[in-house]
2 protein chains.
Amino acid sequence: MTGSQDSDNGGTEQDRIEGGAPGDHPRLVRTQGVTAPLGFRAAGIAAGIKASGALDLALVVNEGPDHSAAGVFTRNQVKAAPVLWSQQVLTTGRLRTVILNSGGANACTGPGGFQDTHKTAEAVADALSNWGTSTGAVEVAVCSTGLIGDRLPMDKVLAGVTEIVQEMGGGLSGGTDAAHAIMTTDTVPKQAALHHPQGWNVGGMGKGAGMLAPSLATMLVVLTTDAGATAEQLDTALRRATARTFDRLDIDGSCSTNDTVLLLSSGASQIPVEQADLDDAVFAVCDDLAAQMMADAEGVTKRVVITVTGAQTEDDALIVARAVARDSLVKTALFGSDPNWGRVLAAVGASPVTVDPDRIAVSFNDSPVCENGFGVDGARDVDLSGPDIAVVVDLNLGESAASIRTTDLSHAYVEENSAYSS
Amino acid sequence: MTGSQDSDNGGTEQDRIEGGAPGDHPRLVRTQGVTAPLGFRAAGIAAGIKASGALDLALVVNEGPDHSAAGVFTRNQVKAAPVLWSQQVLTTGRLRTVILNSGGANACTGPGGFQDTHKTAEAVADALSNWGTSTGAVEVAVCSTGLIGDRLPMDKVLAGVTEIVQEMGGGLSGGTDAAHAIMTTDTVPKQAALHHPQGWNVGGMGKGAGMLAPSLATMLVVLTTDAGATAEQLDTALRRATARTFDRLDIDGSCSTNDTVLLLSSGASQIPVEQADLDDAVFAVCDDLAAQMMADAEGVTKRVVITVTGAQTEDDALIVARAVARDSLVKTALFGSDPNWGRVLAAVGASPVTVDPDRIAVSFNDSPVCENGFGVDGARDVDLSGPDIAVVVDLNLGESAASIRTTDLSHAYVEENSAYSS
């Protein structure tokens, strides 16, 4: 994003260019994405899929030597054609390329839509093979995002595939172009890269500004690493990370047909990685991308974290936190900077987790507003006018806790979502 | 409401005044409420609980000879003091009076709040006893609605109780005043009365314009009948009716701490009623009140009915219909008159009911927009600019169906709910 954010995170582009281990701790930067690790090239172009002429086609290519990969996908039963395709090719635990388009989800498009995805993967494989990389469609994952229900303009997609393979470069700009090309209602591209002191890296890009929900979001994320890791190691790290990051981002409770998170390893650092180190690094990149998605969610005016403590189990804490995060009355109150803690209690009590109303405590931004189930003096005067709101609900029933990232429900959310397809 | 709506429903005030059975069919009118049946008096006054000076205290008194009663209450675990009180007194199956206030929910107010409710019931019983009706607090149900978390101004409530017992009258105006006095963000009072050709009647009033959800709503409803019926008959009729009316009204998925629906019988018609006839009549009045609540929900610009057909069970149909009714992306699209059927499919697929995406069909206002899981020609051109939208989702898996009433998600909803307490 900006230079100042980069230095806030303690890293610079030099980290990678010097190839060194600049310190004892992993360092996270936002100026780099999928091409931060060695062995990856990327590109983003305007293929004409979006009527606006904005960038709309992205490519990430793993040049190896390894091609291990893992993926997680939407839990929505209505899955877009590219999700069905990518799930299938991922069963090999191997990927060479990801092609992504914005400007159309290719969801609910029937058998014809699936053929479009298949043709796109074949075209990518053919173009890469012409360019010297021998590959097949079965090594190409496809991701799409945009309006549900319309077929893609395949003439533009296929011409774009030919062009993007020629554009592809190894520098950081290719990764940034790719991050731009997957944006829909996002206002900023989202990238993060972690440089591990052992000398390997994890990079990632993501998009997702609406329809963010429990089972991921219309959220496309491609993660890359040059650490030496098997497909099983990648799968373990990816599932652990997504369960605690993207799965705990819930903007509007809606669950997309297209959610996809992919992790590809080139092994180009020639450094084999320990599972725990890989888990931590992938988590850190996912967590940062999730925070960027929350901050850029549709219509957001408040970045809200709902934390439930004192639950009997972590699952209980998560269910209650999600119930509060999804409550329209809580979300509209927060939009209005209104410390309306009664709505939080109503949402807690309506959740399927058994609670004791007389034990519940609530705080807003560390100011207690409710204790033992009823209000404390000054609860109506807590200042919530800033952009960040932390809501903590203590059930006082046990030792477990969990947090959900969400946003307020604003006029801008309604505006943006009432005029999307028409 | 208005004379024209009244005559649309085929009844006039004369129906009751003439005491006759004007036809073979039950007739429903909206100009009458809880005092339509014989044996009931009601009143509504401004007690000063609301700062605005609007009516805020209502009373319904059953003059007998019978005093059988039944009630259903919110399923929220966080229950307001008046709910805890009224559940307790209803265990006798007997009620003489209901006192209701707007201007404060008396929820999350701790032991002090419960004492306030108890004192209110005692004051009502004392005032009625002074006025010649021997009764005790155990025959007085209490309902409150308004902001959660604040104690009620008990000086005003108790002075109001003394005054309202004096104001109480038997005419229709007392019922209408009561219907006005329970309004919060409602813009119109909600009453309905059914005159049965057998010579008995059911009347009702309700309020509820936000927080309407599965387990009822911040919805207070008092129903009355002069049919001769036991508490068991009333309970059966009430549970059957609420399960298919108020429980299927879901404006924003939020569930109140105060929901209460009461049914009182005076037996004053001296006509014993068959269960099936009572069931039908109570259902008809509840159904009409639910429709009035939908039409007057907070920020409503579209009255929406989501119907799911072709489900394997009615429960499945209900779960899917509710998932669609609660989806913010569907609701904002409908606010924008946007036939964005892809969002409907995404909501169906995200529900916990197992569906076959390739069998789903969707129509908007009888125009097919999706068949076999993908769009039909012209789907984007369906005109949804009118105030009523019928969404039908056919799962094509079985023979069961269910409907949920809901509304769009509008700027006015956000506006109204972002500035409620502060």
Side-chain angles (χ1 to χ4, degrees), chain A residues 75-79 105 107-110 113 147-150 210-211 213 215 252-257 326-329 332-333 335-343 345-350 354-355 357-358 360 370 372-375 379-380 409-411 413-415 417-422, chain B residues 75-79 105 107-110 113 147-150 210-211 213 215 252-257 326-329 332-333 335-343 345-350 354-355 357-358 360 370 372-375 379-380 409-411 413-415 417-422:
Chain A
R75 292 190 203 104
N76 198 311
Q77 299 172 81
V78 177
K79 293 183 202 316
C108 305
T109 44
L147 183 64
I148 298 173
D150 290 342
M211 235 191 202
S215 309
D252 53 16
S254 298
C255 173
S256 160
T257 51
R326 287 187 176 179
D327 191 273
S328 294
L329 291 168
T332 47
F335 169 57
S337 301
D338 175 3
N340 194 330
W341 59 270
R343 292 181 179 180
L345 253 70
V348 171
T354 301
V355 298
D358 296 335
I360 300 172
C370 168
N372 302 315
F374 59 100
R380 303 265 179 237
L409 174 52
S410 69
H411 284 305
Y413 178 90
V414 172
E415 188 63 27
N417 285 299
S418 59
Y420 186 83
S421 82
S422 55
Chain B
R75 291 189 204 105
N76 199 312
Q77 298 172 85
V78 177
K79 294 184 203 312
C108 304
T109 45
L147 184 63
I148 297 172
D150 289 342
M211 237 189 202
S215 309
D252 53 17
S254 300
C255 173
S256 160
T257 51
R326 285 186 177 180
D327 191 273
S328 293
L329 291 168
T332 47
F335 169 57
S337 302
D338 176 3
N340 195 330
W341 59 269
R343 292 180 178 179
L345 252 71
V348 170
T354 301
V355 299
D358 296 334
I360 301 172
C370 167
N372 301 315
F374 58 100
R380 303 266 179 237
L409 174 52
S410 69
H411 284 304
Y413 178 89
V414 172
E415 189 63 27
N417 284 300
S418 59
Y420 187 81
S421 82
S422 54

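Proteins come first, then strands; the chains are lettered A, B, ... in the order of their sequence lines, and each starts at number 1. Heavy-atom basis, side chains included; hydrogens, waters and symmetry copies ignored. What you are looking at is a predicted structure, and each value in this text was computed from that prediction instead of being measured.
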Step-by-step side-chain contact (heavy atoms from CB on, under 4.5 Å) determination, B/Ile148 to A/Phe374:
CA-CA 9 Å; B/Ile148 297 172; A/Phe374 59 100; over 6 Å; no
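- A/Asn340 and B/Leu147 get closest at one heavy-atom pair: ND2-CD1, 3.9 Å.
- In terms of heavy-atom proximity, B/Ala346 sits nearest to A/Thr257 at CB-CG2, 4.0 Å.
- Contact count against chain A (heavy-atom pairs under 4.5 Å) is highest for B/Gly373 among B/Ala379, B/Gly373, B/Gly375.
- Within the model, atoms CG of A/Asn372 and SG of B/Cys108 stand 12.0 Å from one another, a figure rounded to the nearest 0.5 Å.
- Only the backbone of B/Ser410 comes within less than 4.5 Å of a heavy atom in chain A; its side chain stays farther off.
- The structure places CG of B/Leu345 at 11.0 Å from CD of A/Gln77, a figure rounded to the nearest 0.5 Å.
- Within the 4.5 angstrom heavy-atom criterion, atoms from both the backbone and the side chain of A/Ser328 approach chain B.
- Both the backbone and the side chain of A/Asp150 come within less than 4.5 Å of a heavy atom in chain B.
- Counting heavy-atom pairs under 4.5 Å between each of A/Ile360, A/Thr354, A/Val348 and chain B puts A/Thr354 at the top.
- Looking only at heavy-atom pairs under 4.5 Å with chain B, the residue among A/Ala107, A/Ala347, A/Ala350 that has the most is A/Ala350.
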